[in-house]
Participant: 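Starting off with a structure, shown below.
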Amino acid sequence: DLIVHVRDITHPETNLQKATVLSVLRNLNLPSHLLDSMVEVHNKVDLIERYKPTEENALAISALHGHGLEELKEEIEKKILTATGKKILTVNVNLEGPQLSWLYKEATVQEVEVMPEDGTARVKVIIGNSAFGRYKNLFPN
């Protein structure tokens with residue numbers, strides 16, 4: 001669903017390495033949308049003072065120091081959700097009903113926050129559009 005190209009931006013041949021990787025990927029006859037949506041990651045930016053990527057849409061990270069990793073995670077999540085036609089939602093469910101069980105079967109449940117005072121829960125899910133449509137039809141409230 002997604003290609004993440006991580007480069008050592010401090011390597012003296014980093015641009016040649018990028019060209020080589022892109023050439024190999026093109027020769028694999030991958031779908032063009034994969035190449036177009038590729039995430040370009042520049043690693044080891046901690047070794048270059050005030051590094052700013054010159055390439056459009058490149059993310060600057062330092063895996064060693066954790067710099068930029070949250071932004072990378074968000075970008076990957078966004079691209080994967082777009083590629084798979086899914087979204088992240090938080091829905092309120094009645095714990096006495098079948099909604100939570102249905103969500104576990106039909107979606108990816110990420111988090112459940114139980115509200116014991118009223119017998120409900122806030123459920124964070126990754127769900128496709130068609131599954132969410134079925135959910136809304138089955139559980140209109």
Participant: Just checking, is any N or O donor in the side chain of R134 or N129 under 3.5 Å from an acceptor N or O on the other one?
Facilitator: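 No donor-acceptor contact under 3.5 Å links the two side chains.
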Participant: Any side-chain heavy-atom pair from T54 and H42 closer than 4.5 angstrom?
Facilitator: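 The answer is no, as the side chains (C-beta and beyond) never meet within the 4.5 Å cut-off.
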Participant: Could you check if a side-chain atom of I80 sits within less than 4.5 angstrom of a side-chain atom of I76, using non-hydrogen atoms only?
Facilitator: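 In short, these two side chains touch, coming nearer than 4.5 Å.
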Participant: Side-chain contact test, heavy atoms from C-beta onward, threshold under 4.5 Å: evaluate it for V91 versus L103 and give yes or no.
Facilitator: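 Yes, at least one pair of side-chain atoms sits under 4.5 Å.
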Participant: When rounded to the nearest 0.5 angstrom, what is the spacing between CD in Q110 and NZ in K124?
Facilitator: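 Going from CD on Q110 over to NZ on K124, the span is 5.0 Å.
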Participant: Does a side-chain N-to-carboxylate-O contact under 4.0 Å join K78 and E74?
Facilitator: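 The answer is no: the pair does not qualify as a salt bridge.
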Participant: Salt bridge or not for K18 and E55, using N-O below 4.0 Å?
Facilitator: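 E55 and K18: salt-bridged.
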Participant: Are V45 and I61 packed together at the side-chain level, in the sense that at least one heavy-atom pair is separated by less than 4.5 angstrom?
Facilitator: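 Sidechains of I61 and V45: no contact.
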Participant: Can you find a pair of side-chain heavy atoms, one from K79 and one from D1, that are under 4.5 Å apart?
Facilitator: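 The answer is no, as the side chains (C-beta and beyond) never meet within the 4.5 Å cut-off.
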Participant: Please walk me through it: do N92 and T120 pass side chain to side chain contact (heavy atoms under 4.5 Å, CB included)?
Facilitator: CA-CA 7 Å; N92 291 320; T120 64; 5.6 Å; no
Participant: Do L25 and L34 belong to the same hydrophobic cluster, where Ile, Leu, Val, Met, Phe, Trp and Tyr are linked whenever their side-chain heavy atoms lie under 4.5 Å apart, directly or via other members?
Facilitator: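 Linked, L25 and L34 end up in one cluster.
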Participant: Quick one: does H5's side chain get under 4.5 Å of V21's, heavy atoms only?
Facilitator: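 Side chain of H5 against side chain of V21, heavy atoms only: contact under 4.5 Å found.
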Participant: Could you tell me the separation between the CD atom of E40 and the CD1 atom of I9, rounded to the nearest 0.5 Å?
Facilitator: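 The distance works out to 7.5 Å.
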Participant: Excluding sequence neighbours, so at least two apart, what forms salt bridge (Lys or Arg N to Asp or Glu O under 4.0 Å) with K86?
Facilitator: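 Partners of K86 under the salt bridge (Lys or Arg N to Asp or Glu O under 4.0 Å) test: none.
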Participant: Starting from the C-alpha separation in whole Å, work towards a yes-or-no answer on side chain to side chain contact (heavy atoms under 4.5 Å, CB included) for R50 and K52.
Facilitator: CA-CA 6 Å; R50 289 182 289 233; K52 292 268 192 242; over 6 Å; no
Participant: Is the Y135 ring parallel, tilted or perpendicular to the F132 ring (thresholds 30°, 60°)?
Facilitator: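 Plane angle under 30°, so parallel.
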Participant: Calculate, to the nearest 0.5 Å, the distance between atoms CD1 and OG1 belonging to I127 and T108 respectively.
Facilitator: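 One finds 9.0 Å between CD1 of I127 and OG1 of T108.
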Participant: Taking side-chain contact (heavy atoms from CB on, under 4.5 Å) as the test, write out the residues that go with V6, two or more places apart.
Facilitator: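 Result, side-chain contact (heavy atoms from CB on, under 4.5 Å) vs V6: V4, V41, N43.
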Participant: What do the steps show when you test T14 against K44 for side chain to side chain contact (heavy atoms under 4.5 Å, CB included), and what is the final call?
Facilitator: CA-CA 12 Å; T14 189; K44 298 189 180 180; over 6 Å; no
Participant: Measuring only between side-chain heavy atoms, which start at C-beta, is Y104 closer than 4.5 Å to V112?
Facilitator: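 In short, these two side chains touch, coming nearer than 4.5 Å.
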Participant: Rounded to the nearest 0.5 Å, what separation is found between the OG atom of S101 and the CG atom of L95?
Facilitator: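 Reported value, rounded in 0.5 Å steps: 12.0 Å.
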Participant: Do W102 and V123 belong together in a cluster built from hydrophobic side chains that touch within less than 4.5 Å?
Facilitator: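 Yes, because W102 and V123 connect within a single hydrophobic cluster, where side-chain heavy atoms sit under 4.5 Å apart.
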Participant: For residues L100 and V114: do they belong to one hydrophobic cluster (side chain heavy atoms under 4.5 Å, members Ile, Leu, Val, Met, Phe, Trp, Tyr)?
Facilitator: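 As far as the 4.5 Å side-chain criterion goes, V114 and L100 are connected within one cluster.
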Participant: Could you check whether any side-chain N or O of H11 sits under 3.5 Å from a backbone N or O of E13, counting only pairs where one atom can act as donor and the other as acceptor?
Facilitator: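 Flag set: sc H11 to bb E13 pair under 3.5 Å.
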Participant: Can T90 and R122 be counted as having a side-chain donor-acceptor contact under 3.5 angstrom?
Facilitator: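 Their side chains do not contain a donor-acceptor pair, so the 3.5 Å distance test is not met.
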Participant: Say you draw a straight line from CG of N94 to CE of M115; how long is it, rounded to the nearest 0.5 Å?
Facilitator: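 Atom-to-atom, N94:CG and M115:CE are 13.0 Å apart.
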Participant: Please answer: with hydrophobic residues joined when any side-chain heavy atoms are less than 4.5 Å apart, are M38 and L28 in the same cluster?
Facilitator: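 In one cluster with M38: L28, yes.
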Participant: For a 4.5 angstrom cut-off between non-hydrogen side-chain atoms, does I3 reach V39?
Facilitator: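 In short, these two side chains do not touch, never coming nearer than 4.5 Å.
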Participant: If you count heavy atoms of other groups shown closer than 6.0 angstrom to CD of E117, is the number above 12?
Facilitator: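 Yes.
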Participant: With clusters defined by side-chain heavy atoms of hydrophobic residues (ILVMFWY) lying less than 4.5 Å apart, directly or transitively, does L59 cluster with L2?
Facilitator: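 Cluster IDs for L2 and L59 match.
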